[in-house]
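A short worksheet on the structure shown next.
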Amino acid sequence: MGAVLGCLAAQVACCFGSAACSMCCACCPSCKNSTASRIGYAVLLLLGVIVACIMLTPVVRDLLMSIPYFCTAPDNELAWLHDGSLVSEATCNLLAGYSAVYRICFGYACFFFLMMIIMIYVKSSKDPRAGIQNGFWGFKFLIIVAIIVAAFFIPNSAAFEEAWMIIGLIGAFIFIIIQLVLLIDFAHTWNESWVEKMEDGNSKGWYFALLFFTILMYLVSITGVVLLYVYYTQPHECGLNKFFISFNMIACIIISVVSILPKIQEAQPRSGLLQASVITMYVIYLTWSAMSSQPGRECNPSLTQIIHPTNPGNATLIGTTPAPTVQSSAMDAESILGLALFILCVLYASIRTANTNNMSKLTGSNEFSSFTSEKVLIDEKPKEASGDEEEGYGQKVVDNEEDGVAYSYSFFHFMFFLAALYIMMTLTSWYNPKADQVYHYNASWPAVWVKISSSWLCIVLYTWTLIAPVVLSNRDFS
């Protein structure tokens with residue numbers, strides 16, 4: 001009984017005080033304070049994404065329409081509020097669909113932007129503002145809810161949605177660039193680390209590891225290209241898809257050749273095909289993602305059509321089935337699976353981007369690298385960690401930020417601010433508020449061009465990292 005009360009007291013302190021949150025499980029491994037906080041913010045954002053996805057489904061709108069005198073009267077006459085104002089169908093459009101997603105993400109973006117401002121230049125957990133970062137979760141949740149509720153009172157005008165869409169486009173584009181930069185840096189770091197280990201000892205083992213993963217990723221990429229040609233093109237149709245696949249395939253071949261040129265190898269001795277294979281596989285993935293976002297099914301077969309093709313006796317090809325209606329395209333099983341993977345990737349990218357190593361790489365500053373850097377999410381040896389453990393029942397939380405923060409608080413919230421905008425634009429298929437189609441998740445031409453442009457930008461950025469040391473030989477790129 002005492003353990004239960006102690007656990008409840010700890011959770012109350014976490015929700016309405018500056019104490020860090022933990023799980024009510026004494027056998028759970030100890031967790032760092034910085035890790036617990038980042039997981040908490042990820043959970044907050046995940047809740048918002050789930051609600052936004054629910055708002056996109058036709059079920060919500062149908063439920064609102066079924067409420068008597070809310071949108072329309074049972075006899076389809078217009079309904080009126082008690083103060084005499086008209087409740088039209090626009091009211092339901094505000095509470096469901098793209099408008100609802102815009103307002104939910106508006107609330108989250110405002111919250112993370114506010115936290116970003118508050119947390120500027122926090123260097124350790126001794127700063128009073130660190131308590132706000134790591135605690136008061138109940139108040140944070142209430143603040144987010146309050147901002148979202150207030151956002152629904154914003155008039156359903158084209159001016160607000162268009163302005164917010166432009167802000168979302170800018171923020172999402174910045175988020176994409178940051179993730180591309182870190183992906184390329186990851187590829188270089190991976191190769192350099194394994195080459196260094198190969199040179200230090202056990203050269204044969206690390207050499208075969210490098211060779212195995214390089215060949216594996218190229219095989220996956222080649223298989224992807226073949227499947228894209230088979231399922232996303234037709235002999236006399238789908239010219240744009242053919243261009244996307246061919247152009248990106250040729251570009252990937254070029255960057256692979258460039259990465260092993262003598263001039264490049266002289267300037268970057270550890271440049272090789274491993275990095276190029278990582279970029280190639282990611283570019284092929286973006287190519288598929290772009291083509292799978294096309295409206296209609298002429299050149300964009302569904303997963304069901306690919307697995308169970310139409311009977312050849314009907315003389316109907318996979319890619320020539322009629323385009324689905326707006327209602328049938330809303331959040332099917334394929335979209336839900338893709339959305340779940342997308343959310344996990346965005347949350348992981350947002351959390352890891354803000355650590356001190358990546359922060360230093362993005363800003364070009366070594367200021368953050370002097371702080372304690374967190375290498376793992378769960379501390380296996382909490383007694384060796386700096387800082388004190390939070391007293392209480394259940395899981396122990398270690399304060400590992402007394403000497404220096406494990407990640408930039410302000411930049412962390414900036415990344416979540418951008419993530420909220422990126423999620424908003426992705427859920428609405430980079431939607432234009434003037435468009436007349438709704439509930440058409442993940443299928444629009446803006447989404448196609450954003451994704452394919454991201455693949456081209458990835459190629460350009462990686463190519464620049466290869467040729468920059470050669471072109472600008474007087475600069476240090478180490």
Side-chain angles (χ1 to χ4, degrees), residues 10 13-14 17-23 28-46 111-112 114-137 140 175 178-179 181-182 185-186 189 193 344-392 394-419:
C14 150
S18 60
C21 283
S22 62
M23 293 184 290
C28 293
S30 296
C31 180
K32 295 180 180 180
N33 191 30
S34 58
T35 301
S37 298
R38 281 181 280 184
I39 293 175
Y41 286 110
V43 171
L44 283 179
L45 184 59
L46 179 61
F111 170 76
F112 286 120
L114 177 64
M115 291 293 293
M116 179 191 72
I117 300 299
I118 294 175
M119 295 300 157
I120 290 178
Y121 214 65
V122 175
K123 288 192 172 183
S124 72
S125 59
K126 298 176 182 177
D127 191 307
R129 292 174 294 173
I132 301 176
Q133 169 73 8
N134 300 319
F136 299 101
W137 293 99
K140 290 173 185 175
F175 184 84
I178 291 176
Q179 299 311 315
V181 170
L182 292 179
D185 177 76
F186 163 76
T189 303
S193 174
L344 292 176
C345 291
V346 170
L347 292 177
Y348 177 81
S350 303
I351 291 173
R352 299 309 294 170
T353 299
N355 69 30
T356 53
N357 291 335
N358 289 334
M359 180 67 181
S360 299
K361 292 171 183 176
L362 289 171
T363 61
S365 170
N366 293 324
E367 177 183 359
F368 295 96
S369 61
S370 61
F371 297 157
T372 304
S373 179
E374 181 185 35
K375 300 298 182 183
V376 292
L377 285 178
I378 300 296
D379 186 10
E380 297 179 354
K381 297 181 179 180
K383 293 182 179 180
E384 298 178 1
S386 61
D388 300 326
E389 295 181 356
E390 297 280 351
E391 295 294 336
Q395 183 188 34
K396 295 180 179 179
V397 179
V398 180
D399 184 3
N400 63 321
E401 298 182 306
E402 287 187 343
D403 298 327
V405 294
Y407 61 102
S408 169
Y409 289 177
S410 184
F411 189 72
F412 172 83
H413 290 293
F414 175 68
M415 285 307 304
F416 267 61
F417 166 75
L418 296 180

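Heads up: numbering here begins at 1 and tracks the sequence.
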Inset, instruction - Please round to the nearest 0.5 Å and tell me the distance separating atom CZ of R129 and atom CD1 of I120. - result: 8.0 Å
Legend entry - Least distance between heavy atoms, V122 atom then V405 atom: O-CG1, 3.8 Å
Legend entry - Whether F111 and Y41 hold their rings parallel, tilted or perpendicular, with breakpoints at 30° and 60°: tilted
Inset, instruction - Working to the nearest 0.5 Å, report the span between CD1 of I39 and OG1 of T35. - result: 6.0 Å
Legend entry - Between CZ on residue F175 and CZ on residue F414, distance to nearest 0.5 Å: 10.5 Å
Legend entry - Nearest-0.5 Å distance that lies between atom CG in L44 and atom NZ in K140: 8.0 Å
Legend entry - Y121 side-chain N/O to S410 backbone N/O, donor-acceptor pair under 3.5 Å: no
Legend entry - Side-chain heavy atoms of M119 within contact of I132, under 4.5 Å: yes
Inset, instruction - Give the minimum heavy-atom separation between A130 and S124, together with the two atoms involved. - result: CB-O, 3.8 Å
Inset, instruction - Could you check Y409, F411, Y407, F112 and say which one makes a ring-ring contact (aromatic ring centres under 6.0 Å, His included) with F416? - result: F112
Legend entry - From CD (Q133) to CD1 (I118), nearest 0.5 Å: 10.0 Å
